[in-house]
Amino acid sequence: MKSEESATTGADLLVKALIDEEVEVVFGYPGGAVLPIYDSLFKQNRLRHILVRHEQAAVHAAEGYARSTGKVGVVLVTSGPGATNAVTGLTDALMDSVPIVCLTGQVPTHLIGNDAFQEADTTGITRPCTKHNYLVKAVGNLARTVHEAFYVARSGRPGPVVIDLPKDVLMNKHDYVAPKMPVQHKSYRPQVKPDADRIEQAIAMIAAAKRPVFYTGGGVVNSGPKASKLLAQFVHLTGFPITNTLMGLGSFPASDKQFVGMLGMHGTYEANLAMYNCDVLINIGARFDDRITGKLAEFSPRSKKIHVDIDPSSINKNVHVDLPIVGDAGLVLEELIRAWKAKQPKIDQKAIKAWWAEIDGWRARNCLAYKQDNETIKPQYALERLYHHIKDLDHYITTEVGQHQMWAAQFLKFEKPNRWMTSGGLGTMGYGFPSAMGVQIAHPEALVIDVAGEASIMMNIQELSTVAQYRLPVKIFILNNQYMGMVRQWQELLHGGRYSESYMESLPDFVKLAEAFGAVGLRCHEPARLDETIRQMIEIKQPVIVDVLVDKAENCFPMIPSGAAHYDMLLGPDDKAQKPVSEEGMVLV
Amino acid sequence: MQTASSHTISVLVDNEPGILARVVGLFAGRGYNIESLTVAETDARENLSRITIVTTGTPMIIEQIKAQLDRLVPVHKVRDLTVEGPHIERELALVKVRSTGDKRVEALRLADVFRAKVIDAKTDSFVFEVTGNTEKVQTFIGLMGNLGLVDVGRTGIVAMSRGGDAL
Ligand SMILES: Cc1ncc(C[n+]2csc(CCOP(=O)(O)OP(=O)(O)O)c2C)c(N)n1
Ligand SMILES: [Mg+2]
């Protein structure tokens, strides 16, 4: 501790450190252990605090903010229940590699371990669901820890970092020393630049391909918007087909003719068959997740595989690859483009042409087709119409989890990165609405829509109060099928259609619910009135819930049942009888 | 099918609270097994500890374990001594034997053969300190089994590469 005059309390120091990290917004909820921080926030006007209504929502909001801006999202919660409520959000951010710094209050240091009021072993609980966490035991370490936490959250493969702050540390005094930027971390220095010889090898493999496919994911988005531009450039240079993971949507323009759609469990027929039949697979920033690979033993069995990832532990984890390249997607793409242009390799145009002809044949199956009648709205139709009305507007989409999420991925088109926020890795119902709030905070003028299911939206519905308070004109577009549709679909496929607990009883009147919170509620059940309803939703500059009553029985296709290979896709309801799910498949999720 | 084999991995880490929990949690959470684990501070000035882990797995799993360890923030270095050339492994055991008569004499004689030190003695008991590779330590403990063995404490393995190179 230094001279009293110049010294600052830990809480003030924390706020200074956040401002030095160029933080603009903090999503949080107060409590006893963090009162000193709330007092410091009260005394300044650089940092904006958004009061959520549940700590899980604070983390999802910070995720939406982070994913739509590329900045680190910041969360502030109290000790004990504040911290435990944040755990789902932290796990979500870890699975989807979202940079978050979460400040948690803690009981004073002398009470730690005493089962004090609102004490939880926060560093213990969050150790497996954060990229890293800290317990700050002395005010002298506070500022340095904050700056290190931001560095860790955003560097390499991004992720959530928790800083646990005992109350006495927040009240003790110390001088603030501004950080030396960039932070030089003593042990954590992820490799971002690829090895040059790997780039050469990659170019040779790519140039020799006869049936290539690019398979790119969230790593490209996380690398920053420049990486997406470079990806488009490189994919255009080669003329090869490209598919995106759920997390990668928007990293390549969906309207581009080289784009064959999303791959994986609910991916397109053409994307999955291209994966199965390719001879060179170029994975950039994706992780061979089980939703993507299906049955591992039959995953892209004849291809040579290149895998670009910033996280060495993603390489050779599920799928053996022939050429691993550790590095940042953007930097790797830059090198690939440079090497390609220098080499001007000759590609086998004839083979590539034949490959495209084959892919076009699969495309002609029109795997996303559905039948809209005059009676009930098909969820796919609702999304197609939604896209029609928003495509020329500055818009951002978030989703909840379930069938509606997969339909949104299939039927909304993403032309740019950072426009699509969905819970991919953890599949967290309740993610979309708070995430949309975070997006709207970052982009006040944009149209932000949460594509929701009627079950998922109930999981963080209390945030209607937050959007009311901050006048956030978030739109909640509910595809209301009165079922936990995805659960029902699996029960049809795997459990003889016994709909155990998947029917949503006693749903609220969503229109009245919206009104109760000062938002606007709209309802639509006729196909003929859908366009009008969507137009209305867009025009109302307030939060809106749109309750779209859709076909209750519709299922999401194509589908690769768990444990099946890419070629074993179900293309529609009639397919299922012919392809029973294997016993190994039954145990998978 | 890849076959599993045993690997000895040295990890240089910041000596900070929770680091052991991070390492152990990683192994438990991802279903890797730990055969032996030792940890102690090795550089007080730089505040570094060295963890030695013996684990088994297929080559793919071992690569995963190393990559997962390496991405823990407080980890400085990860070295697989088993693949990086010749190395030495040692462990230490304290072995308590309670016996009298012929058995007591035999225990003492065998301790001599194994170059185990007597570090505590009563008229009816000994505590031996034995060091060596795991096989030697195990053999010694096995032999004491018939000679009044009552207690064993083992350190687990510490290991180091041969030659002049540091971790
Ligand atoms: C927090 C959480 N609990 C349970 C699940 C399992 N789950 C996945 S989808 C789903 C049903 C979602 O229903 P709804 O929001 O109505 O979407 P729909 O599938 O009907 O479009 C459930 C329960 C989950 N993903 N997240
Ligand atoms: Mg539903």
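In what follows, chains are A, B, ... by sequence order, proteins preceding strands, each numbered from 1.
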Student: Heavy-atom pairs under 4.5 Å with chain B - which of A:I315, A:N316, A:D311 has more of them than the others?
Tutor: A:D311
Student: Which residues in residues 185-193 of chain A have a heavy atom less than 4.5 Å from any heavy atom of chain B?
Tutor: A:H185, A:K186, A:S187, A:Y188
Student: Show the numbers, then the answer: is there a side-chain contact (heavy atoms from CB on, under 4.5 Å) between A:R127 and B:L26?
Tutor: CA-CA 10 Å; A:R127 200 171 288 126; B:L26 171 70; over 6 Å; no
Student: Between B:Q64 and A:N318, is there a side-chain heavy-atom distance shorter than 4.5 Å?
Tutor: no
Student: What part of B:V75 gets within 4.5 angstrom of chain A, counting heavy atoms only: side chain, backbone, both, or neither?
Tutor: backbone
Student: Just so I know, are the side chains of B:P74 and A:H132 near enough to count as touching, which here means a heavy-atom distance under 4.5 Å?
Tutor: yes
Student: With a 4.5 angstrom heavy-atom cut-off, could you sort out which part of B:D14 is near chain A: side chain, backbone, both or neither?
Tutor: side chain
Student: Does any backbone or side-chain atom of B:Q68 lie under 4.5 Å from a heavy atom of chain A? Answer side chain, backbone, both or neither.
Tutor: both
Student: With a sphere of 6.0 Å drawn around CZ of B:R104, does it hold more than 12 non-hydrogen atoms of other residues, nucleotides or ligands?
Tutor: yes
Student: Specify the closest pair of heavy atoms between A:K317 and B:M60, including all atoms of both residues, with the distance to one decimal.
Tutor: O-CE, 3.8 Å
Student: Please check if atom NZ in B:K136 has more than 12 non-hydrogen atoms from other residues, nucleotides or ligands closer than 6.0 Å.
Tutor: yes
Student: Verify the neighbour count for atom CG of A:D115: are there more than 12 heavy atoms of other residues, nucleotides or ligands below 6.0 Å?
Tutor: no
Student: Would one find more than 12 heavy atoms of other residues, nucleotides or ligands at under 6.0 Å from atom CG of B:D102?
Tutor: no
